[in-house]
Amino acid sequence: MILTVIKADITTIKADAIVNAANSSLLGGGGVDGAIHRKGGKAILQACVAVRNRQGKCKTGHAVITTAGNLPAKYVIHTVGPVWTGESDNNNALLADCYRNSLTLAIENGVKVIAFPNISTGIYHFPKDKAADIAIKTVNNFAEKEQIEKVIFVCFDDENYQIYEEKLNLINK
Ligand code: AR6
């Protein structure tokens, strides 16, 4: 499994799956969620509504998969990150669950290349450095990681990009 970082808008990424930092309603919102629904078109929302009708809301740390609509990716994996409420093992575990459950769903759907945004580090205010440590560690320690060819961490802001570059340089040395 190759781990890489780029600075980009995740809606432009042609991966098998891109991950959305959604909320439990699955009905869209601001940030990366808003961008994905806006550019992906109504097929994504329709698929999210179908998921909700089937299973109800998506709990924090869980993930669901839909079409990517008009986006260049094949699938969108929607996961719900924790809202930062201060240091807690529970918040850290829930963020790790987002990465792990997204990867599990990816493998179940034959995804080889997956792109993650920096889940919870925007509107949900998770500290960026801590979130990056959890993201990289969880992906790197994922039990079935040989089944995924490439994980792209897609950073939108300079701060996250620099954090990931440094941390990935260290582990790739
Ligand atoms: N491409 C890649 N990354 C992006 C993009 C984009 N187009 N836009 C923002 N980011 P956020 P959260 C980065 O707020 O913190 C929504 O309303 C952004 O810089 O999108 O998990 C949902 O519906 C940040 O680093 O998600 C939820 O209610 C990262 O994506 C809530 O926000 C995550 O920021 C989720 O909050």
Side-chain angles (χ1 to χ4, degrees), residues 3-42 44-49 51-52 56-66 68-88 90-103 105 113-136 138-139 150-168:
L3 304 189
T4 58
V5 59
I6 57 165
K7 187 163 178 279
D9 175 346
I10 203 165
T11 62
T12 66
I13 303 294
K14 193 168 180 262
D16 298 320
I18 61 167
V19 176
N20 181 18
N23 61 62
S24 61
S25 81
L26 294 175
L27 300 180
V32 68
D33 194 11
I36 286 173
H37 278 279
R38 235 179 359 259
K39 295 195 187 162
K42 63 175 190 267
I44 299 180
L45 184 61
Q46 280 168 356
C48 285
V49 169
V51 170
R52 271 189 62 136
K57 291 183 177 183
C58 184
K59 291 188 185 133
T60 304
H62 290 213
V64 305
I65 191 164
T66 68
N70 302 325
L71 298 176
K74 190 166 173 202
Y75 300 111
V76 175
I77 294 174
H78 308 260
T79 188
V80 182
V83 178
W84 178 254
T85 50
E87 178 58 47
S88 84
N90 192 42
N91 275 340
N92 298 345
L94 287 169
L95 186 59
D97 285 347
C98 288
Y99 286 91
R100 216 177 289 115
N101 288 327
S102 296
L103 289 172
L105 208 45
V113 178
I114 181 169
F116 281 98
N118 309 131
I119 301 164
S120 284
T121 67
I123 292 164
Y124 283 177
H125 289 299
F126 212 98
K128 291 175 181 174
D129 192 80
K130 181 180 282 294
D133 278 336
I134 292 169
I136 292 168
T138 305
V139 169
K150 192 174 179 185
V151 173
I152 309 166
F153 293 106
V154 181
C155 301
F156 200 56
D157 55 274
D158 287 327
E159 195 187 347
N160 263 318
Y161 180 67
Q162 273 159 25
I163 289 170
Y164 273 83
E165 262 227 323
E166 272 174 33
K167 292 187 191 293
L168 289 179

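Ligands are counted one by one from 1 in listed order, and the atoms in each one are counted from 1 as well. Being a predicted model, the structure only gives us computed values, none of them experimental. We're numbering straight along the sequence, starting at 1.
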For this session: Give yes or no for whether the N/O distance cutoff of 3.5 Å, strictly under, is met between T11 and ligand 1.
Result: no
For this session: Could you tell me the residue and atom name of the protein heavy atom closest to atom 25 (O) of ligand 1, and the distance to it rounded to 0.1 Å?
Result: T121 OG1, 2.8 Å
Problem set entry | Flag side-chain contact, heavy atom, 4.5 Å: L95 against K130 | no
For this session: Quickly, which of I136, T4, I6 forms a side-chain contact (heavy atoms from CB on, under 4.5 Å) with F153? Name it, please.
Result: I136
Exercise. Looking at atom 7 (N) of ligand 1, what's its closest protein heavy atom, distance included?
Worked result: D9 OD1, 2.9 Å
Exercise. For ligand 1, which atoms sit closer than 4.0 Å to a heavy atom of N23?
Worked result: 22 (C), 23 (O), 27 (C), 28 (O)
Problem set entry | Heavy-atom gap S120 to ligand 1 smaller than 4.0 Å | yes
Exercise. Among protein heavy atoms, which sits nearest to atom 29 (C) of ligand 1, and what does the distance come to when rounded to 0.1 Å?
Worked result: N118 O, 3.3 Å
For this session: May I ask you to identify, for A35, whether its side chain, its backbone, both or neither come under 4.0 Å of ligand 1 on a heavy-atom basis?
Result: side chain
Exercise. Does some non-hydrogen atom of A8 fall short of 4.0 Å from ligand 1?
Worked result: yes
Seminar exercise, completed: For atom 13 (C) of ligand 1, the closest protein heavy atom turns out to be F156 CB, 3.8 Å
Exercise. For atom 22 (C) of ligand 1, which candidate among I36, L95, D33 holds the nearest heavy atom?
Worked result: D33
For this session: Apply the test side chain to side chain contact (heavy atoms under 4.5 Å, CB included) to residues N92 and E87: give CA-CA distance (whole Å), side-chain angles for both, the deciding distance (0.1 Å), then the verdict.
Result: CA-CA 8 Å; N92 298 345; E87 178 58 47; 3.1 Å; yes
Exercise. What do the steps show when you test L27 against R52 for side chain to side chain contact (heavy atoms under 4.5 Å, CB included), and what is the final call?
Worked result: CA-CA 9 Å; L27 300 180; R52 271 189 62 136; 3.8 Å; yes
Seminar exercise, completed: The reported gap from CZ in R100 to CD1 in I134 (rounded to nearest 0.5 angstrom) is 10.5 Å
Exercise. Where is the nearest protein heavy atom to atom 16 (C) of ligand 1: which residue, which atom, and how far?
Worked result: G30 O, 3.4 Å
Problem set entry | Between CG on residue D33 and CG on residue L26, distance to nearest 0.5 Å | 8.5 Å
Problem set entry | Side chain D129, main chain I163, donor-acceptor under 3.5 Å | no
For this session: Pick out which of V154, I36, I114, V113 makes a side-chain contact (heavy atoms from CB on, under 4.5 Å) with I18.
Result: I36
Seminar exercise, completed: Residue, atom and distance of the protein heavy atom nearest atom 32 (O) of ligand 1 read I123 CD1, 3.3 Å
Exercise. What is the closest protein heavy atom to atom 15 (O) of ligand 1, and at what distance does it sit?
Worked result: G122 N, 2.8 Å
Exercise. Closer than 4.0 angstrom: is that true for some heavy atom of D157 and an atom of ligand 1?
Worked result: yes
For this session: Classify the ring geometry between F116 and Y99 as parallel (under 30°), tilted (30 to 60°) or perpendicular (over 60°).
Result: tilted
Seminar exercise, completed: Here the atoms of ligand 1 under 4.0 Å from any heavy atom belonging to G31 are 8 (N), 20 (O)
For this session: With heavy atoms of N160 as the reference, note each atom of ligand 1 found under 4.0 Å away.
Result: 25 (O)
Exercise. What residues form a side-chain contact (heavy atoms from CB on, under 4.5 Å) with D9, not counting sequence neighbours?
Worked result: T11, T12, K39, F156
Problem set entry | Side chain to side chain, D97 and L94, heavy atoms closer than 4.5 Å | yes
Exercise. Just how far is it from atom OG of S24 to atom NZ of K59, taken to the nearest 0.5 Å?
Worked result: 11.0 Å
Exercise. Quick check: does H125 get an N/O under 3.5 Å from an N/O on ligand 1?
Worked result: no
Exercise. Going by the order shown, which atoms of ligand 1 are within less than 4.0 Å of some heavy atom of A21?
Worked result: 21 (O), 22 (C), 26 (O), 35 (C)
Seminar exercise, completed: The closest protein heavy-atom partner of atom 36 (O) of ligand 1 is Y124 CG, 3.4 Å
Exercise. Ligand 1 and I10, any nitrogen or oxygen pair closer than 3.5 angstrom?
Worked result: yes
Side chains of residues 68-83: which donor-acceptor pairs under 3.5 Å do they make with residues two or more places apart or in other chains?
| from | atom 1 | to | atom 2 | distance (Å) |
| --- | --- | --- | --- | --- |
| H78 | ND1 | N20 | ND2 | 3.2 |
| H78 | NE2 | T66 | OG1 | 2.9 |
| T79 | OG1 | H62 | O | 2.8 |

Exercise. Ligand 1 and V32, any nitrogen or oxygen pair closer than 3.5 angstrom?
Worked result: yes
Exercise. Purely on distance, is any nitrogen or oxygen of I119 under 3.5 Å from one on ligand 1?
Worked result: no
For this session: For residues C155 and Y164, report the shortest heavy-atom separation together with the two atoms involved.
Result: SG-CD1, 3.7 Å
Exercise. Can you list the ligand 1 atoms lying under 4.0 Å from a non-hydrogen atom of G29?
Worked result: 17 (O), 23 (O)
